[in-house]
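Have a look at the structure below, then the notes.
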Amino acid sequence: MSRIFVTRKIPEDGINLLQEAGHEVTISTKEGVLTKEELIAELGKESYDAVLCLLTDTIDGEVFDATDAKIFANYAVGYDNIDLEAAKERGVTVTNTPGVLTETVAEYAFSLMLAVAKRIPEADRFTRAGKYDGWAPELLLGSDLKGKTLGILGAGRIGYAMAEKAYRGLGMNIIYNDIKKNEHFENDLAATYKEDIEELFAEADIVSVHVPLLPATKHLVNGVRLAMMKKTAYLINTSRGPVVDEKALVEALKTGQIAGAGLDVYEDEPALAAGLSDLDNVTLTPHIASASVETRGKMSLIAAQNIVAFLNGETPENVVS
Ligand code: DGY
């Protein structure tokens with residue numbers, strides 16, 4: 001029997017799997033996120049063999065040093081909350097939960113695109129506020145998407161799934177940027193590679209962000225690039241907040257430099273940049289792009305499977321490096 005610490009309550013699928021495999025599971029009883037100090041204190045209370053952690057946990061060398069656990073299974077596809085160098089130095093295995101959330105996050109990005117282009121959250125607020133006093137020819141005019149150009153930043157699995165929905169479902173043209181060309185984009189979606197990212201910003205009617213957060217992608221969407229976008233264009237971000245310079249985005253939305261934005265992630269979560277929530281042309285949601293019952297359950301299972309494999313002396317399926 002091994003001991004596993006879970007940093008916050010997650011769907012029970014994975015917890016059941018760990019227990020059925022004969023392991024003892026301790027779940028943090030704190031309502032919210034453990035601070036790094038609290039996590040270190042928790043890890044010091046017992047001798048743990050594995051940790052199941054969340055994207056809201058800061059996992060660095062000090063945390064690794066607080067436990068004998070040699071696997072940290074992140075309950076997320078992203079793992080920018082974990083210091084991989086520090087893990088490597090200490091021989092700690094880190095895993096994530098890719099694949100299962102691809103379609104869910106892409107559906108969400110697609111929904112945000114429709115929500116902002118059709119101004120649905122704004123129209124909902126308007127109607128609830130009792131402002132609807134009869135049909136009017138120019139009330140809350142939105143934008144059509146058929147034939148428009150979707151610019152995908154990051155040609156990974158989620159970027160592809162978003163592009164596919166827009167191409168097949170809405171008849172949009174796809175352009176994309178990544179470090180290299182992607183033949184699936186080219187062959188399946190008639191997409192055009194924009195090696196020069198700035199061309200993508202200038203040509204797209206919608207820019208949708210699907211890159212991981214790395215030093216090279218921090219503020220990839222900055223004030224200069226926002227200024228290159230069409231005044232009628234929208235920005236969608238379901239990846240990681242710091243990819244977008246949020247202060248610059250507030251300015252671009254305020255001054256009408258771009259028409260609107262749909263954001264599920266923020267630069268300094270859960271805080272929002274000053275002025276962001278005052279704007280009507282932005283739809284804001286609380287980092288829930290992967291939050292379907294099905295997907296969050298599968299993420300829990302995969303994180304647990306990674307731990308079980310590791311504790312059995314096997315290489316887990318989703319090791320990140
Ligand atoms: C992830 O898995 O990285 C997502 O952001 C969680 O919703």
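We number each residue from 1, following the sequence as shown. Counting starts at 1 for both ligands and their atoms, following the listed order. As a basis for the values below, the full set of heavy atoms in this structure was taken, side chains included, without hydrogen atoms, waters or symmetry mates.
No hydrogens or angles considered: a donor-acceptor pair under 3.5 Å links the side chains of T285 and D264.
Between M299 and ligand 1, no N or O atom pair is found at a separation short of 3.5 Å. At least one N/O-N/O distance between R240 and ligand 1 falls below 3.5 Å. In terms of N/O distances under 3.5 Å, ligand 1 is not approached by T97. In terms of polar-atom proximity, defined here as any N/O pair under 3.5 Å, Y75 makes no such contact with ligand 1. Taking distance alone, with nitrogen or oxygen atoms compared against 3.5 Å, L101 stays at or beyond that limit from ligand 1.
When hydrogens are left out, the protein atom nearest atom 7 (O) of ligand 1 is S290 OG, 2.7 Å; that is the closest non-hydrogen contact. For atom 1 (C) of ligand 1, the closest non-hydrogen atom on the protein side is V77 N, 3.4 Å.
Between D280 and R125 there is a side-chain heavy-atom pair separated by less than 4.5 Å.
The backbone N or O of A309 lies less than 3.5 Å from no partner atom in the side chain of N306, so there is not a single donor-acceptor pair. Between the side chain of R119 and the backbone N or O of L141 there is at least one donor-acceptor pair closer than 3.5 Å. In this structure, the side chain of K9 does not engage the main chain of S28 through any donor-acceptor pair within 3.5 Å.
We find that K118 and D144 are joined by a salt bridge, their nearest charged nitrogen and carboxylate oxygen being less than 4.0 Å apart.
For residues 138-180, the pairs satisfying ring-ring contact (aromatic ring centres under 6.0 Å, His included) are Y160-F185, Y176-F185, Y176-Y193, with sequence neighbours left out.
Taking every heavy atom of R296 and a limit of under 4.0 angstrom, the matching atoms of ligand 1 come to 7 (O). Counting atoms of ligand 1 from 1 in the listed order, those under 4.0 Å from a heavy atom of G78 are 1 (C), 2 (O), 3 (O).
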